Each structure stands twice: as C-alpha cells, then as structure tokens.
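Accompanying notes for the structure given below.
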Amino acid sequence: MHIAILASILSLIIYWLIRDRYRVRNLNGKHVFITGCDTGLGNSLAKWLDKKGFCVIAACTTEKGSQELRSCSSLSLKTVNLNLADSNSIARAVEFVTEQTAGKGLFGLVSNAEGTAPVGPTDWLKIEDFHSVLDVSLLGLIEITLKLLPLLKKTEGRVVNLINAKGLMAYLGGGYSLSKWGMEAFSDNLRIEMQHFGVKVSIVEHGFFKAEVVDSDIIEKHLFKLWNRLTPEIRDSYGEKYF
C-alpha cells in the first residue's frame, strides 16, 4: 500500500518536472493578442513576449498608451485601440487581429482588464456602478473571446485569463468580485468545451500589485462621491460614524 502511494507521488513529481521544462519553440510567426496594455501587467507582458520573438498585438484603451508601448518595442509589435464596453470597438479590434494574422490563426489570447470599481456598501450603489465594471471586466472580455475563438481553433491555441486574486474575496460591494468570479466560471466552462478543438484555457490568479485601482486617494474619492449622492434616509441609517 505504502509502496503504491510512494510510486504515485514519485510519478506525479516526474510529470511536473517534465511539464515545467516544456517550452514553446519556433516563436517566429506566432501571434498573441493581449488586452489592457496601457500600463501594468498587460504592458509588461506585451514587452516581454515581444522580446521573446512573438508577434504581439497589444490592445490599449488610449492612443497615448499605444504610442508609449510602440516607442519601446520592436517594429513587429502592433497596437490597436480597444474599448471593451463598446461592441463596435471590439469588432474593429477583431478585424485588425484577423488582418494581422493573415489566415494563420491566433496562437494566444491574453485577457487582462480592470473596470472602474466604486468601493462601498451595496445599497450605496446604482446599477450603473455595476455596469462600469461588468461591461469591461466580464461581458467585454467574454465578447472578444467569443469572436476570436475561430482564430484560436485554427492554431489549437490558448486562452489565458489574468484574474486578480483579491477579486475572489467578496469583501466589498459592487461589480469587482462579480466580474472576477464570472471570469473564473466562464474560463472553466470554456476549458471543457474547447478540449474538443485542442484549444487550451488557463486562469492565472495573480497577486496584489500597487496600481491606480488600489490607490487610497482614489478609493477615498469614490467613497465621498457615493456618500454625497445618497438620499438623506440612507445616509441617516448609516450615520457619520459608520462613514
């Protein structure tokens, strides 16, 4: 019994060692599309993959972000403006990716997006506050994934969804945690379904990075905005001490 358990553990360790030594070869001509590349994790990943030799297509929300990224990257890196809350913008980005891949298909899709997130008790919020997050960080990412699946199937490519692990803890009201849990469920479902086509789907739950979304001044500004727009009844029910 003990020998069988030991053999199983040893086999698992050998499998991990072999798997972790695997490297993608012949990077030239392999296209990777990354969202959220103005700053932060998406920006760093775009630069890193560009240096490795991938054909990077980086989606930025601003022209300034696109220009700054191109200025410090190779000529093979291409950028496209993308507003994940706008279906027309998503359609234009998909068309751009299709043109850039020129029938070769898409090797990888890396989804990395953070919607604006007002922080506060749930009944301080309006439905628009939920939309400001979910339209970008959940529905927008789902929409662009669906539209790029034909290109991913063509190469038996992979989808990598970057999810901030802090969003998996429901410690505040609003759409932030909803969007992260939603992307987890979407990714798990898609992984099962895409096995038939050889497309891999992965989730990377990254840690807590210093960024604008966690800036204390930004959080405080959102809190004051939410508090000041409350009806007198709701404000009185919480009281100044709670605030």
Side-chain angles (χ1 to χ4, degrees), residues 16 19-61 69 73 76-80 82 84 90 93-94 96-98 100-101 104-115 136-168 176 179-209 211 213:
W16 277 341
R19 183 199 63 179
D20 291 348
R21 288 182 179 179
Y22 176 76
R23 294 291 182 271
V24 177
R25 307 297 179 187
N26 303 318
L27 306 183
N28 187 39
K30 286 184 168 62
H31 289 82
V32 179
F33 179 61
I34 311 170
T35 67
C37 294
D38 294 80
T39 58
L41 207 55
N43 183 275
S44 298
L45 180 62
K47 294 174 183 175
W48 187 77
L49 291 180
D50 179 53
K51 289 179 181 178
K52 288 289 183 181
F54 285 97
C55 298
V56 176
I57 307 171
C60 298
T61 58
L69 181 56
S73 305
S76 67
L77 183 143
K78 307 297 181 183
T79 62
V80 60
L82 175 62
L84 284 168
I90 290 175
V94 170
F96 182 81
V97 173
T98 303
Q100 291 297 315
T101 55
K104 298 178 182 177
L106 189 62
F107 179 76
L109 165 62
V110 182
S111 292
N112 166 56
E114 297 277 315
V136 173
S137 298
L138 179 59
L139 298 178
L141 289 181
I142 290 175
E143 182 175 353
I144 200 162
T145 301
L146 295 177
K147 290 185 175 179
L148 289 173
L149 281 179
L151 296 180
L152 291 160
K153 290 178 182 178
K154 187 173 290 188
T155 63
E156 294 189 352
R158 64 267 301 127
V159 177
V160 181
N161 290 323
L162 304 182
I163 298 175
N164 197 321
K166 74 176 185 289
L168 302 178
Y176 192 78
S179 69
K180 302 311 172 189
W181 289 6
M183 280 306 294
E184 290 263 346
F186 174 73
S187 302
D188 289 342
N189 287 333
L190 191 66
R191 181 183 306 112
I192 296 170
E193 296 159 358
M194 287 296 108
Q195 286 179 352
H196 177 73
F197 302 98
V199 174
K200 301 176 180 65
V201 179
S202 302
I203 299 170
V204 176
E205 296 176 354
H206 62 80
F208 196 86
F209 290 88
V213 74

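These numbers come from a predicted model, not from an experiment.
Note that the CD atom of Glu143 and the CG atom of Leu139 stand 8.5 Å from one another [nearest 0.5 Å]. For the atom pair CG (Leu149) and CD (Glu193), the distance works out to 9.5 Å, reported to the nearest 0.5 Å. Here CD1 of Ile57 is found 9.5 Å from CD1 of Ile34. Values are rounded to the nearest 0.5 Å. One finds the CE atom of Met194 at 9.0 Å from the CG atom of Leu152 (value rounded to the nearest 0.5 Å). One distance of note links NZ of Lys47 with OG of Ser73; it measures 6.5 Å at 0.5 Å rounding. The OG1 atom of Thr101 sits 11.0 Å away from atom CZ of Phe33, with the distance rounded to the nearest 0.5 Å.
In plain terms, the two heavy atoms of Ala165 and Glu205 that are nearest each other are CB-CB, 4.4 Å. Taking every heavy atom of both residues into account, Lys104 and Gly29 meet most closely at CD-O, 4.4 Å. The two residues Cys60 and Leu69 make their nearest non-hydrogen contact at SG-CD2, 4.3 Å. Listed here is the closest heavy atom pair of Gln195 and Arg191: CG-O, 3.2 Å. Looking at every heavy atom in both residues, Leu138 comes nearest to Gly182 through CD1-C, 3.6 Å. Residues Lys180 and Asn164 share a closest heavy-atom pair of CG-O, 4.2 Å.
No side-chain heavy atom of Pro150 sits under 4.5 Å from any side-chain heavy atom of Leu148. Residues Leu151 and Val97 form a side-chain contact, since some pair of their non-hydrogen atoms from C-beta on lies under 4.5 Å apart. For the pair Leu45/Val32, no side-chain contact is recorded, criterion being any heavy-atom separation below 4.5 Å from C-beta on. Two residues are said to be in side-chain contact when any heavy atoms from C-beta on lie closer than 4.5 Å; Asn161 and Val204 fail this criterion. Looking at heavy atoms from C-beta onward, Glu184 lies in side-chain contact with Ile203 at the 4.5 angstrom threshold.
Not one N or O on the side chain of Asn112 forms a donor-acceptor pair closer than 3.5 Å with the backbone of Leu162. A donor-acceptor contact shorter than 3.5 Å is absent between the side chain of Ser44 and the backbone of Leu41. Formation of a donor-acceptor pair under 3.5 Å by the Thr155 side chain with backbone atoms of Leu106 is found in this model. A donor-acceptor pair under 3.5 Å is formed between the side chain of Asn43 and the backbone N or O of Asp38.
Cation-pi check for Lys153 over Phe197 is met; the charged atom lies under 6.0 angstrom from the ring centroid and within 45 degrees of its normal.
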**Report entry** Residue pair Leu82, Ile90: steps toward the side-chain contact (heavy atoms from CB on, under 4.5 Å) verdict
**Finding:** CA-CA 6 Å; Leu82 175 62; Ile90 290 175; 4.0 Å; yes
Requested in this report: Apply side-chain contact (heavy atoms from CB on, under 4.5 Å) to Val201 and Ile192, showing your working.
Outcome: CA-CA 9 Å; Val201 179; Ile192 296 170; over 6 Å; no
**Report entry** Test side-chain contact (heavy atoms from CB on, under 4.5 Å) applied to Val56 and Lys78, step by step
**Finding:** CA-CA 6 Å; Val56 176; Lys78 307 297 181 183; over 6 Å; no
Requested in this report: Evaluate the side-chain contact (heavy atoms from CB on, under 4.5 Å) criterion for residues Asp188 and Leu190: first the C-alpha distance (whole Å), next the side-chain angles of each, then the deciding distance (0.1 Å), finally the verdict.
Outcome: CA-CA 6 Å; Asp188 289 342; Leu190 191 66; over 6 Å; no
